[in-house]
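Notes follow once the structure below has been shown.
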Amino acid sequence: QVGQPSVALLPEASTVPLIRELLEEAPGKQQRKPRVPGPPLRYMLELYQHSADESGHPRENRTTGATMVRLVRPLANVARPLRGPWHKQTLDFPLRPNRVAYQLVRATVVYRHQLHLAHSHLSCHVEHWVQKSPTDHFPSSGRGSSKPSLLPEAWTEMDITQHVGQKLWNHKGRRVLRLLFLCQQPRGSEVLEFRWHGTSSLDTAFLLLYFNDTQSVQKAKLLPRGLEEFTERDPSLILRRAR
Amino acid sequence: QAGIIASEVPGRSRERDGSESNQCSLHPFQVSFQQLGWDHWIIAPHLYTPNYCKGVCPRVLHYGLNSPNHAIIQNLVNELVDQSIPQPSCVPYKYVPISILLIEANGSILYKEYEDMIAQSCTCR
């Protein structure tokens with residue numbers, strides 16, 4: 001109906017890719033736009049501006065290396081205050097089952113490596129969660145920890161592609177990726193008893209999952225290079241030859 | 001008959017198909033995601049230019065229309081054999097993608113490139 005604001009999606013339309021995704025991804029009209037805190041939204045807006053112009057055309061020189069990037073925020077929980085110089089927060093990231101159409105090409109966790117709590121400033125890093133006490137750390141200053149220009153000063157991006165990998169990925173139903181966010185007071189400083197006042201996990205870390213749409217990957221392979229260039233350059237040449 | 005068609009004075013076919021200006025061509029068109037009722041989950045871009053193709057398909061289809069040989073035949077059939085068979089339609093030929101930043105129902109934020117969202121050229125088919 002003209003003037004009807006929301007898209008009345010026909011049931012059979014769900015076979016059309018975009019409409020099917022609208023049905024799956026778009027929060028219902030009645031649902032308010034979920035509130036998204038500062039850093040994650042700022043990060044994704046920066047990523048968007050680096051990847052597309054103001055009309056939404058993807059830039060030729062974009063560096064995401066993926067046709068889809070999902071920022072996943074951890075389930076809200078608050079750290080358990082601990083005694084001594086260490087503070088530990090468990091981060092649970094809900095993972096959706098992967099749709100066949102997308103291939104995971106990279107996974108990173110972005111976290112604050114510096115936290116200012118009470119009158120002290122903590123240095124933090126992320127480890128993957130294991131049943132027993134955390135022994136093997138992610139190399140907190142090693143491979144994969146990069147500081148892409150998108151990140152504000154106190155944030156670091158850590159590659160965890162192997163960790164997320166297939167084992168967590170192809171199971172049906174909901175999966176949770178559990179990581180540990182550990183902070184330590186500076187050595188030698190007076191051990192302060194902290195309460196992580198409201199420092200919920202929503203503000204300390206988020207997951208970035210980079211996907212490629214396998215169809216577009218397939219399409220790129222279908223046309224051997226020569227023919228693709230040929231059709232790109234002057235499609236009417238093919239027609240003329242056929243004539 | 002081929003000779004007659006080839007020597008066709010373009011103007012005559014235009015008489016039948018109307019003036020040059022209403023021949024099949026690309027028309028710019030811009031909407032906001034609010035008008036589409038999607039603004040509650042799309043963060044960027046605000047405006048979207050899908051464009052559209054409109055116009056008649058003249059009997060002698062010029063090269064710029066990237067039309068297949070079948071379109072020329074269909075035009076001839078419509079004119080010489082059976083008028084109930086329609087002339088070819090003016091439809092998009094090439095598309096380009098668009099990048100969208102959106103919020104999913106569970107609060108995740110998604111950057112995604114959607115293929116075939118903007119018409120870039122037209123054809124008669």
Side-chain angles (χ1 to χ4, degrees), chain A residues 4-8 17-18 21-22 24-36 40-41 43-45 47-49 51-59 62 64 66-73 93-94 96 202 206-211 213 215-216 219 234-236 239-240 242-243, chain B residues 2 6 28-51 61-73 93-118 120-121 123-125:
Chain A
Q4 184 70 17
S6 67
V7 181
L18 178 62
E21 294 191 354
L22 290 184
E24 282 176 13
E25 274 160 13
K29 184 74 183 164
Q30 64 291 340
Q31 184 171 345
R32 295 301 317 143
K33 190 182 272 189
R35 201 191 65 76
V36 182
L41 182 57
Y43 184 91
M44 289 303 276
L45 279 170
L47 181 141
Y48 183 82
Q49 282 146 17
S51 308
D53 64 22
E54 58 284 343
S55 308
H57 299 122
R59 295 180 195 283
R62 60 194 184 284
T64 48
T67 55
M68 181 165 83
V69 182
R70 173 170 282 123
L71 180 146
V72 182
R73 292 154 57 212
F93 295 94
R96 300 171 23 163
L202 293 179
F206 52 84
L207 203 56
L208 287 174
L209 302 173
Y210 297 76
F211 299 89
D213 181 339
Q215 267 100 359
S216 53
K219 208 186 292 181
D234 183 350
S236 63
L239 290 178
R240 205 170 287 139
R243 285 200 182 113
Chain B
F29 188 73
Q30 192 172 67
V31 290
S32 71
F33 283 112
Q34 188 179 15
Q35 288 169 301
L36 296 175
W38 295 348
D39 58 309
H40 64 293
W41 60 290
I42 288 184
I43 302 169
H46 297 300
L47 296 175
Y48 164 39
T49 312
N51 303 328
L61 302 169
H62 53 83
Y63 269 129
L65 276 177
N66 307 298
S67 295
N69 295 328
H70 174 272
I72 296 170
I73 301 300
Y93 174 65
K94 277 205 163 177
Y95 297 93
V96 291
I98 184 175
S99 297
I100 290 189
L101 191 64
L102 55 94
I103 290 194
E104 295 182 297
N106 63 4
S108 294
I109 308 175
L110 192 65
Y111 164 85
K112 188 161 186 180
E113 294 169 11
Y114 286 93
E115 295 287 341
D116 305 340
M117 288 283 280
I118 297 175
Q120 189 183 55
S121 59
T123 180
C124 284
R125 302 222 156 193

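Residue numbers begin at 1 in each chain, while the letters A, B, ... track the order of the sequences. Computed from a predicted structure; not experimentally measured. Side chains included, hydrogens not; waters and symmetry mates left out as well; all remaining heavy atoms used.
- For B:Ile118, the part lying near chain A is the side chain, with the backbone staying farther off; criterion is any non-hydrogen pair under 4.5 Å.
- Between B:Phe33 and B:Trp38, the ring planes are parallel. Angles under 30° get that label, and only those over 60° would be called perpendicular.
- Residue A:Arg62 touches chain B through its side chain alone, counting heavy-atom pairs closer than 4.5 Å.
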> Given A:Val69 and B:Leu110, is the side-chain contact (heavy atoms from CB on, under 4.5 Å) satisfied, shown in steps?
Replying inline: CA-CA 6 Å; A:Val69 182; B:Leu110 192 65; over 6 Å; no

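- Ranked by heavy-atom pairs under 4.5 Å with chain B, the first of A:Ala52, A:Ser51, A:Ala66 is A:Ser51.
- Taking the six-membered ring for Trp and the full ring otherwise, A:Phe206 and A:Phe93 have centroids separated by 6.0 Å or more.
- Using a 4.5 Å cut-off between heavy atoms, A:Leu208 does not touch chain B at all.
- Interface residue A:Ser55: only backbone heavy atoms are found under 4.5 Å from chain B.
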> Checking side-chain hydrogen bond (donor to acceptor under 3.5 Å, both in side chains) for the pair A:Tyr48/B:Ser99: CA distance, chi angles, key distance, verdict?
Replying inline: CA-CA 8 Å; A:Tyr48 183 82; B:Ser99 297; 5.6 Å; no

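- Both the backbone and the side chain of B:Ile98 come within contact range of chain A, judged by heavy atoms closer than 4.5 Å.
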> Do B:Trp41 and B:Glu104 pass the side-chain contact (heavy atoms from CB on, under 4.5 Å) test, and can you show the C-alpha distance, the side-chain angles, and the key distance before you say yes or no?
Replying inline: CA-CA 7 Å; B:Trp41 60 290; B:Glu104 295 182 297; over 6 Å; no

